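Structure, as structure tokens:
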Amino acid sequence: MSATSHAGAAPKRTQVAIVGGGPAGLLLALLLHRAGIDCVVLERRSRDYVLSRIRAGVLEQGTTDLLRSAGVGGRMDREGLVHDGFDIAWRGDTLHIDLRELSGGKTVMVYGQTEVTHDLYDALDAAGVPVVHEAEDVRPQGLETAEPFVTYRTKEHGERRIDCDFVAGCDGFHGVCRTAIPRDRIETFERVYPFGWLGVLTRKPPIQEELVYAHHTRGFALCSLRNPQLSRYYIQCSVSDKVEDWPDSRFYDELEARLPDRIAANLQRGESVEKSIAPLRSFVAEPMRYGRLFLAGDAAHIVPPTGAKGLNLAVSDIYYLSRALTAHYGERDGRLLEGYSGDALARVWKAERFSWWFTSMIHRFEDDGSFGQRIQEAEFDFLAGSKAAQTALAENYVGLPF
Ligand code: RFL
Ligand code: PHB
């Protein structure tokens, strides 16, 4: 396949140049195209590389609704698994969180980010929206002028320049768009957690149908899945650990030790088909706009994965941004674009708070000592005994409205 997904090179001019072909960039491209707005996606990696990244697995109802309205809900609705609840394991016991009951009928969908990305690529291909892969040295420029542009290079077409009206920075946490903003025009807020998650994907049926978030004095563990034949497991690990330190047998021994016996008894140990370590971080950059550059998704904020919020936040940003660009071009109304950063950040901070809270309550924090442990115990006891606390958890987990 050529570096550009549709025939020929990318155009020299477009309305919105989108940097980054992850879920945020691809969904924005599709929604803009459906609204009759021209755009081009510039992605640093190959399509195969993007599709081989194993990441999110849980979609909020707002996310699935938006994917459906963009016309990419068909396979998700056939193959995705609707989950009504999940378990929290603690001291050998489990607390069931009944999402549907507690949230007034809402649920989440287990459908991998890889599959969402796949569906978005297919829809963009069918629509003929240009996605340039392996775009090197992408540089957004002239962002404070009325004539911004993006330069980049591909092996096939050499140095290129795309003139545009707006640049959408959807290039993830390590991208170039946020760093193109002068330091005195952006403020960042950050918390780095003193541990990481070691994740394993294996072709074996999941330990149980619903997810299990497990607290244990040895550290946190999560049992998740992608489908009835594919399981995804995580354990809290040291940030200095290497994947090589964790052969499959050691990983499964540790996972089992952190789960209640009743659940551990169902574990089917399969060879890992993917194994990786992710650091945990909370991060927000404000505002999510600089001149004609709009940041969205991980380019602007990161949450620890405990609440499954990262991909869902990227999608809600794109809801606000696509709506604002559509109003700008359609009704010539720029108010939503002016309000984009504030609208998106109001939701982002609530998801940051929830992800921080869930992470703090359920992991082992070695440096917090016995006081910290007692506070965690009290937090769990309160949750177990309070329908109000469970309702707050469920409301955040299924996703706040946007
Ligand atoms: P992405 O997916 O990082 O995509 C950014 C894209 O930009 C490209 N890029 C560039 N392109 C051009 N020029 C440059 N200079 C570029 N620099 C980068 C990159 O190659 C990439 O393709 O960001 P986006 O679109 O904002 O999407 C965000 C989500 O990917 C992320 O928030 C989630 O994966 C987080 N996440 C989870 N989110 C959930 O909602 N539910 C979950 O269950 C969940 N589980 C997880 C997760 C993230 C994890 N890791 C690995 C951090 C589990 C894990 C382990
Ligand atoms: C996943 O399946 O990868 C997953 C599920 C729930 C989370 C985080 C990750 O909170």
Side-chain angles (χ1 to χ4, degrees), residues 17-29 41-47 49-60 62-63 81 83 86 108-114 116-117 120 131-140 150-154 167-180 196-201 206 210-213 220 222-227 230-234 274-281 283 295-318 351 354-355 358-359 362 397 399:
I18 300 172
V19 183
L26 298 175
L27 179 59
L28 178 63
V41 180
L42 301 173
E43 164 58 49
R44 182 166 57 137
R45 304 286 191 173
S46 68
R47 182 186 287 217
Y49 183 96
V50 172
L51 286 173
S52 68
R53 289 190 298 224
I54 306 295
R55 288 195 171 173
V58 178
L59 308 181
E60 296 171 358
T63 298
L81 304 169
H83 276 211
F86 63 86
V108 292
M109 172 89 83
V110 170
Y111 189 64
Q113 179 167 333
T114 314
V116 173
T117 309
L120 287 167
V131 181
V132 180
H133 284 281
E134 297 175 75
E136 292 168 23
D137 201 16
V138 176
R139 287 175 201 235
V150 182
T151 55
Y152 67 99
R153 196 174 56 243
T154 63
V167 178
C170 302
D171 50 348
F173 185 63
H174 299 289
V176 289
C177 290
R178 192 180 66 251
T179 55
W197 276 20
L198 169 62
V200 157
L201 186 73
E210 293 189 336
L211 272 67
V212 187
Y213 290 84
F220 167 79
L222 170 61
C223 304
S224 181
L225 66 155
R226 288 293 173 276
N227 63 49
L230 196 57
S231 302
R232 180 68 165 158
Y233 296 116
Y234 298 96
E274 197 266 359
K275 193 184 282 170
S276 53
I277 294 180
L280 265 67
R281 180 195 304 273
F283 174 90
L295 299 177
D298 279 15
H301 41 72
I302 295 288
V303 286
T306 323
K309 289 285 159 254
L311 170 60
N312 294 295
L313 272 187
V315 168
S316 61
D317 286 355
I318 294 309
F354 172 67
S355 305
F358 203 11
T359 301
I362 209 160
Y397 196 87

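Indexing begins at 1, ligand by ligand and atom by atom, following the structure's order. Every value quoted in this text rests on a predicted model; they were computed, and no experiment measured them. Nothing fancy with the numbering, it's 1 onward along the sequence.
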Ligand 1 versus [X], non-hydrogen atoms closer than 4.0 Å: side chain, backbone, both, neither?
| X | result |
| --- | --- |
| Gln113 | side chain |
| Val138 | side chain |
| Tyr234 | side chain |
| Leu42 | backbone |
| Cys170 | backbone |

Should [X] be counted as touching ligand 1, given the test is an N or O pair under 3.5 Å?
| X | result |
| --- | --- |
| Ala314 | no |
| Pro305 | no |
| Ala308 | yes |
| Glu43 | yes |
| Ile54 | no |
| Asp298 | yes |
| Val19 | no |

In the protein, which heavy atom is nearest to [atom], and how far is it?
| atom | value |
| --- | --- |
| atom 37 (C) of ligand 1 | Ala56 CB, 3.2 Å |
| atom 9 (C) of ligand 2 | Tyr234 CE1, 3.7 Å |
| atom 40 (O) of ligand 1 | Leu311 N, 2.7 Å |
| atom 50 (N) of ligand 1 | Ala278 CB, 4.3 Å |
| atom 43 (O) of ligand 1 | Gly57 N, 3.1 Å |
| atom 6 (C) of ligand 2 | Tyr213 OH, 3.3 Å |
| atom 17 (N) of ligand 1 | Arg44 NE, 3.4 Å |
| atom 3 (O) of ligand 1 | Arg55 NH1, 3.0 Å |
| atom 25 (O) of ligand 1 | Ala24 N, 2.9 Å |
| atom 18 (C) of ligand 1 | Asp171 O, 3.1 Å |

- Message: With heavy-atom distances below 4.5 Å as the criterion, would you say the side chains of Pro23 and Val315 are in contact?
- Response: no
- Determine whether Arg178 and Phe173 make a side-chain contact, defined as any pair of heavy atoms from C-beta on separated by less than 4.5 Å. yes
- Message: Taking 4.0 angstrom as the limit and counting only heavy atoms of Arg55, give me the atoms of ligand 2 inside it, by number and element.
- Response: 3 (O)
- By number and element, which atoms of ligand 2 are closer than 4.0 Å to a non-hydrogen atom of Leu211? 5 (C), 6 (C)
- Message: When you compare ligand 2 with Thr306, is there at least one nitrogen or oxygen pair between them that comes in under 3.5 angstrom?
- Response: yes
- Message: Between ligand 2 and Pro305, is the shortest N or O to N or O distance under 3.5 Å?
- Response: yes
[X] heavy atoms, cut-off 4.0 Å: which ligand 1 atoms fall inside?
| X | value |
| --- | --- |
| Gly22 | 4 (O), 6 (C), 22 (O), 25 (O) |
| Gly310 | 32 (O), 35 (C), 38 (N), 39 (C), 40 (O) |
| Arg53 | 19 (C), 20 (O), 21 (C), 22 (O) |

- Should the ring pair Tyr234 and Trp197 be called parallel, tilted or perpendicular, given that the plane angle runs from 0 to 90° and is split at 30 and 60? tilted
- Identify the heavy atoms of Glu210 and His83 that sit nearest to each other, and give their distance. CA-CE1, 3.9 Å
- Shortest non-hydrogen contact between Thr306 and Tyr213, atoms and distance: O-CE2, 3.1 Å
- Task: Return yes when at least one protein heavy atom is under 4.0 Å from atom 31 (C) of ligand 1, and no when none is.
- Result: yes
- Gap separating the NZ atom of Lys309 from the CD1 atom of Ile302, nearest 0.5 angstrom: 15.5 Å
- Note on the structure: Rounding to 0.5 Å, atoms OG1 (Thr117) and CG (Leu27) come to a distance of 10.5 Å
- Task: Measure the distances from the heavy atoms of Val110 to every atom of ligand 2 and state whether one is below 4.0 angstrom.
- Result: no
- Shortest reach to atom 15 (N) of ligand 1 by a heavy atom, considering only Val176, Ile302, Leu222: Val176
- Task: Check the pair Phe86 / Val108 against side-chain contact (heavy atoms from CB on, under 4.5 Å), numbers first and verdict last.
- Result: CA-CA 10 Å; Phe86 63 86; Val108 292; over 6 Å; no
- Look at ligand 1 and say whether Pro23 reaches it with a heavy atom at a distance under 4.0 Å. yes
- Part of Ser224 with heavy atoms under 4.0 Å of ligand 2, whether side chain, backbone, both or neither: side chain
